[in-house]
Structure formats: structure tokens, C-alpha cells
Number of protein chains: 2
Amino acid sequence: MAKPITIKDIAEKLNVSIATVSRALRGSSEIKKETKMAVLEMAKEMDYHPNLLASSLSSKKSKIIGVVVPTINRYFWSNSISGIENIAYKEGYKVMIFQSGESFNKEVEIVETLANSRVDGIIISFSKETKDFNHVHQVIERGIPVVMLERTCKNMKASKVSTDDKNGAYTITKHLIEQGRKNIAYICGPLSLGGCKDRLKGYQEALKKAGLPFRKDYVVEVEDFRFEQAGQALEKLWDMTVKPDGILCFADILAIGTIHTAHNLGIKIPEQLSVAGFGDDETSRFISPAITTMAQPSFEMGELAAQIILEEIGLSGESCQIRTEIIKPEIIIREST
Amino acid sequence: MAKPITIKDIAEKLNVSIATVSRALRGSSEIKKETKMAVLEMAKEMDYHPNLLASSLSSKKSKIIGVVVPTINRYFWSNSISGIENIAYKEGYKVMIFQSGESFNKEVEIVETLANSRVDGIIISFSKETKDFNHVHQVIERGIPVVMLERTCKNMKASKVSTDDKNGAYTITKHLIEQGRKNIAYICGPLSLGGCKDRLKGYQEALKKAGLPFRKDYVVEVEDFRFEQAGQALEKLWDMTVKPDGILCFADILAIGTIHTAHNLGIKIPEQLSVAGFGDDETSRFISPAITTMAQPSFEMGELAAQIILEEIGLSGESCQIRTEIIKPEIIIREST
DNA sequence: CTGAAAGCGCTTACAG
DNA sequence: CTGAAAGCGCTTACAG
């Protein structure tokens, strides 16, 4: 492997200065057309490849947006990342994706790496373990724009894009009630997650408005968002003296798990039990019964987050207005309710 | 946002040289313990954060592995990425994830960016559009180790980790035959993808061995790996005079789509039609009927790819033996066959 | 064990 | 429009 070609090599061949080469390569306006052509041609001939590290180091711009999500393994996140990329690539930005694996320590490490790699901005969705937000606070202090996506926090000087959880949960709970359900349970993730708590509120509000009692033992928290866990939650609920006749799941993946276990227990859906999800999982449409869900526009949410961070990068710190975008999910009624 | 602290600032405060600070920070052996402690303490006090760009530029190591996959939105890939991360993080490497979106142009662009960002190695899974492999060839020439994962190509001086497609397809087709199926169809992606072609071979071989005829019109190619497309493929098959009684799907996602459409068409599974998948999708276990599949150990495949690239990075070009790892998938028999 | 100095490969005012 | 020069923030032989 030969030593890589640098602008110095090109400059020498062409008998011009490296400044000229640099300007030609970046399409600077202050350069003669012929010189530019000559440089470009020579660069191609010599198989030149710019060193982005050097370029970012001196220009103090990386044209990279860092994204950190709990996992890329779920539709909501992979799809919002596609939305982010869609906007970013159009503007000539690259997107670096990292997953925290729901680990606080890893999240801190990633954010630190991202900041130290001088990315131009960071879009973050917190891990479920994250209670302390000092790491992003610091990054913001260091002048790097941050946008919080979906899993946000309070009192941060950063824009956020998230779902209208309370309203969404209210709407879908109301739907279950309108289907004649009286004993509606709620299977969710850790209530320490803001989203889980907010949806709980909406759920409670809908019950209250309909004059239905709120039963604390109808709220089952699961540790992880996995099929199995929803199944266990259902088994627990099904052991109770008054079995639920409707279940609101925090995420589609939990609804799928619930339905699967319901099958095994011989529970008829939706006759005996209505099951509703929340999310934006394509899969929920293709299993049977197809799942009623509050669809979150994850792609568009990603796009919005990208737009905001691009704006903030453009302003480079000055007067940057913090935006809070609460996105309404949309109810999609299918066979499971 | 204040100007970031550099090693120069620390050096001045401590009245030592920047070389000393640098050595202390990186835990070099040739430094006095007290000096090191003093530097570390001061760094903390001044809230110092290293500039990774500068560090990589001068050390010519980035401690970053670039990964490019067609999409992160499918279980096989997101899970193999988790495997890659699992190994990489242990060795102090970060993983930068990029998706090509099955676009050749984007893939080329990403590979170029990765190389220009001087990542230490690249793990790549080709897009379905990729027929020309010059971009990775170039990267290898530039001295950057590349490992191909799952979607590989021939005649490349790079290690590869992929599935034993032919054998896997043979095994599962044989299983369908043993279930008494005589008219087995194959729904796959573009046959230009090596994997699709190799599984076709295994499928054909199993038919042949059982004395069953191969019908070309039983092979349906779909454009994208999406639920809908499998449904359309099934409809096409179901229009034929001799309807299939078994279907092998190239991917679990296609099997899910097939089963969904079968429901709509009133086809009983597995009585009328056996459906088998191929992949490693958790979901296939949780829909009903649960899907029989050839499970690929995606996580372990990612781990292996990471191990290989780490080795090659360690050898830094010299005498690097090219490895070809063909991983056997495992048949998991469930309700759909 | 520590420092002075060169270098990594670019960018960007400043002159001309 | 072009060049000389300083600088981005580190690392690393080379001396001592």
C-alpha cells in the first residue's frame, strides 16, 4: 500500500501552491477556471482522495451528524434514522449511527466520542437507564447542537421532537372503551421512561372520563421491549380474578407478543380480548389479527429532527431558538380491537 | 461556547511540554507517575476533551470500524451489527454504521467517505444493485482491511463471512418434501444476488434428488424484501393451474407476507400450503402460525466478521491471510410446515 | 523520564 | 486569481 496522495503531491506536479489545489478541490469561487480544471484532472489521474480528518480539523466542520439511539433493531428507530438520513444526505451531511443498547454507560461513552470527533450535531434518544443528563448538557455547553428525539428530558437547552404520548394513549384507550371494553389493562415499559408515564396518564384520563375505575394492578411494567415479556405480562393479567377484556400495549412489539401468548392460552382476539399497540411497526399490519395501533410517523419525525439540527448547525450557536415539537400519532383501526 | 481546552493549555498551566501531556493522557509507559497524575488531574479540572480528529490524523489510527449494510431495518442486519459491536467495543473500537439503502451510488459514496475518514477497517454487505466492486477494490488497494459480510462477491482480496445458502436451501426444501409436498415454489429476491441464486441451487438439488420436476414458473423474484411483494408473489402462484403446496421464501419477511396473504385468500397453513422462511427474524417465532425457518446466526456472524477485521487491522497489511467463512444455518421446525 | 521539533494533511485570512 | 505562512490539536522519533 503506497503512501496516499496529498494535495502537496498535486501541487508539486502542477507547480502551484497547495492553497490553490485546496481551493480548486473545494470548488472555491476565487479560482481561475483553467487552474481548477487542471487540478481536478490531475487529482483524478493521481487517484487522490482527500483526508477528511485533516479537512475537518482545520475547517472545524465535519459535515457529520451523530445519531444515538437505544437500538436500531426496532422499527421506530431504524425508520426515524432513515428519515434523518433522507434530509441530511440532501444537504451534504453524513449520518453516523450509534446504538447505546439501552445502557447509560455506553450512551455516555458514545456521546463523548461523538463530541470529541467534532461532529457538527447530535440527535439523541436516551437509553432507558439514563436518569442523569449531564453528558448531553456538557456537549451543549461545548457548543455542539443537540436535538432530542422521542426519548427526551426536561430542562435541557435543546430542541426536541417527540410523540404526543398522553393524547395518543387517551385516543386509543377511548377507542377500546367505545368497543365496549370495561377492564382495560396497560402493558408498558419502565415507568421511569417519560413516554410510558405520559401514556399512562392518557390511559387514566380516558378511563376517568368514561367513569371506569383505574386499577393499579392492571398496569404491568416490563423490563425490555421484547415479545416474551409481553407474553409474561399477559399471563399475569390472565391469572387475575377479573380478567381484562382490553389491553393497551406501549409498543407494537409488545402487542405482537401479547397476541402470540393469547393464541397459546386459547384467548380469542378480539372477541374475548381487544389488543391495541402503539408505534409504527410495519409488521403489526401483517400478522393476524392485524393490530390496531397509534401510528407514530417515525420517518417524518426523523426528518424533522434532522431539519432542526441542520438549522441549528447553520446558526452556529447564535440565538438558536429551542423548539419543542410534539407529534400527534394517528389511530389505525384494524382487526385486533 | 468557549474555545475548547487543548493539551497546550494543560501544558502551560503545569509548566511542562505538550509532549509530556500527550504521553500522560495516553498512559504511555515512559512517564513518571507523579507527572501523569498531575496531568490527569489538571485535565479533569480544566474539563479537557481530546480532539479525536487531531489524534487520528497524527497517529494514523482511528480505532473506528466502519460498517455498511443495505438497511438496518431488518433483523439479520441489525443483529449482526450488534455482534460486530460486541467484539469491537471489547477491543476499544467504535463502530460507525451506515446504510446504503440498497443503492449502489450511495454505497460507493459511503465507502469513499469511510476510507477518507481513515477508519481502520470496513465491514461491508453489498447493496442489491452492486455489480461493480471497484470501490472496495480501491479501498483494499489503499491498505484498508475489508471484510465482506453475507452479501459478498467473488475474486476480491478480502475475507468473507457468509451463509451456506445452497446447503441451507437444500435442507429446508428437503424438509418440505418430507412433509409430502410435491409442488414447491421459491419466492426470492433478485437472482442477481448471489444468495438468491445459491439458495435456488440448493432448492433445485433437493427437488432433483427427490425426483421432483423443477418448474421455472415456480420461481418468483421480487424486487424488494417487503411483505407486500411476497403477497403479490403468492397471488401469482395461486393463479396457476397447478397451485403449489409448499413455498420456500428467501427471507422470513417474505414468509410473513406470504402467510398474511394466504390468510386473506383463505388458504390454510400448513394444511393446504406449507411455508418456510430463511433468516433469523425473531418475529417469525411470534406470529401464527409460527414459521419454520433456516435460522442464520446473525449475531455470531457479526462477531466473526469483527474478529477477522480486528486481526487484519492488527497485522496492518502484512501477510494478511484471506479467510472465507461459510456459516451453516440451522433448521427450526415450527407450525407453518 | 522530559522537551524541542517536525509532521499529520488540510484550510484560510492576509498580501499582492 | 494565486502564494506564503500560520494554524487546526495532536503524536512521535530523536536527543538528552
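Quantities reported herein were computed from a predicted structural model and do not represent experimental measurements. Naming convention: chains lettered A, B, ... in sequence-line order (proteins, then strands); numbering from 1 in each chain.
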Chemist: Roughly how many Å is it from CD in A:E12 to P in D:dA4, rounded to a whole number?
Modeler: 12 Å
Chemist: Grab the CG-P distance between B:N116 and C:dC8 for me, whole Å please.
Modeler: 18 Å
Chemist: Taking only N and O in the side chain of A:S59, is any of them less than 4.0 Å away from OP1 or OP2 of C:dT11?
Modeler: no
Chemist: Does C:dT2 have its OP1 or OP2 closer than 4.0 Å to a side-chain nitrogen or oxygen of B:T35?
Modeler: yes
Chemist: Can you check the B:K60 NZ to C:dC8 P distance for me, whole Å?
Modeler: 7 Å
Chemist: Can you tell me if B:E325 and B:S162 form a side-chain donor-acceptor pair at under 3.5 Å?
Modeler: no
Chemist: May I ask which nucleotide in the shown strands pairs with D:dA13, Watson-Crick or G-U wobble, both distances under 3.5 Å?
Modeler: none
Chemist: Start at the 5' end of DNA chain C and walk down; is the nucleotide closest to B:A19 or to B:K33 reached first?
Modeler: B:K33
Chemist: Ignoring hydrogens and angles, does a donor from either the side chain of B:S55 or the base of D:dC10 sit under 3.5 Å from an acceptor on the other?
Modeler: no
Chemist: How is B:I31 classified with respect to the nucleic acid when contacts are heavy atoms under 4.0 Å: base, sugar-phosphate, or nothing?
Modeler: sugar-phosphate
Chemist: Using atom NE2 of B:H49 as one end and atom P of D:dC10 as the other, report the distance to the nearest whole Å.
Modeler: 11 Å
Chemist: For D:dC10, does OP1 or OP2 lie under 4.0 Å from any side-chain N or O of B:R26?
Modeler: no
Chemist: Measure the distance from CD1 on A:I18 to P on C:dG9 and round it to the nearest whole Å.
Modeler: 11 Å
Chemist: If you look at every strand shown and take non-hydrogen atoms under 4.0 Å, does A:K8 touch a base, only sugar-phosphate, or nothing?
Modeler: nothing
Chemist: Measure distances between side-chain N and O atoms of A:R23 and base N and O atoms of D:dG3, and say whether any donor-acceptor pair falls under 3.5 Å.
Modeler: yes
Chemist: Ignoring backbone atoms, establish whether A:T20 has a side-chain N or O less than 4.0 Å from OP1 or OP2 of D:dT2.
Modeler: no
Chemist: For C:dA4, which nucleotide in any strand shown is its Watson-Crick or wobble partner with both distances under 3.5 Å?
Modeler: none
Chemist: Answer yes or no: is there a donor N or O on one side and an acceptor on the other, between the side chain of B:K61 and the main chain of B:S56, under 3.5 Å?
Modeler: no
Chemist: Is B:T20 reaching over with its side chain to a backbone N or O of B:V16, donor-acceptor style, under 3.5 angstrom?
Modeler: no
Chemist: Identify whether any heavy atom of B:S56 sits under 4.0 Å from a base atom; if not, whether one sits that close to sugar-phosphate; answer base, sugar-phosphate or nothing.
Modeler: nothing
Chemist: Counting N and O atoms only, with roles assigned by atom type, does the side chain of B:R74 sit under 3.5 Å from a partner on the main chain of B:T71, one being a donor and the other an acceptor?
Modeler: no
Chemist: Quick check on DNA chain C: between A:L53 and B:K36, whose nearest nucleotide comes earlier from the 5' end?
Modeler: B:K36
Chemist: Which nucleotide in the list C:dT12, D:dT11, D:dT12 gets nearest to the side chain of B:K61?
Modeler: D:dT12
Chemist: Does A:F104 reach the side chain of A:K128, with side-chain heavy atoms less than 4.5 Å apart?
Modeler: no
Chemist: May I ask you to say what B:T6 touches in the nucleic acid, namely base, sugar-phosphate or nothing, with a heavy-atom cut-off under 4.0 Å?
Modeler: sugar-phosphate
Chemist: Just checking, any donor-acceptor pair under 3.5 angstrom between side chains of B:N105 and B:E109?
Modeler: no
Chemist: Starting at atom CG of B:L25, determine the distance to atom P of D:dC10, rounded to an integer number of angstrom.
Modeler: 8 Å
Chemist: From CG of A:N51 over to C1' of C:dT11, roughly how many Å is that when rounded to an integer?
Modeler: 13 Å
Chemist: Give a yes/no on whether any side-chain N or O of B:S17 is located under 4.0 angstrom from OP1 or OP2 of C:dT2.
Modeler: no
Chemist: Specify the separation, in whole Å, of atom CG of B:L52 and atom C1' of C:dG9.
Modeler: 17 Å
Chemist: I want to check one thing: is the phosphate of C:dG7, taken as OP1 and OP2, less than 4.0 Å away from some side-chain N or O of B:S58?
Modeler: no
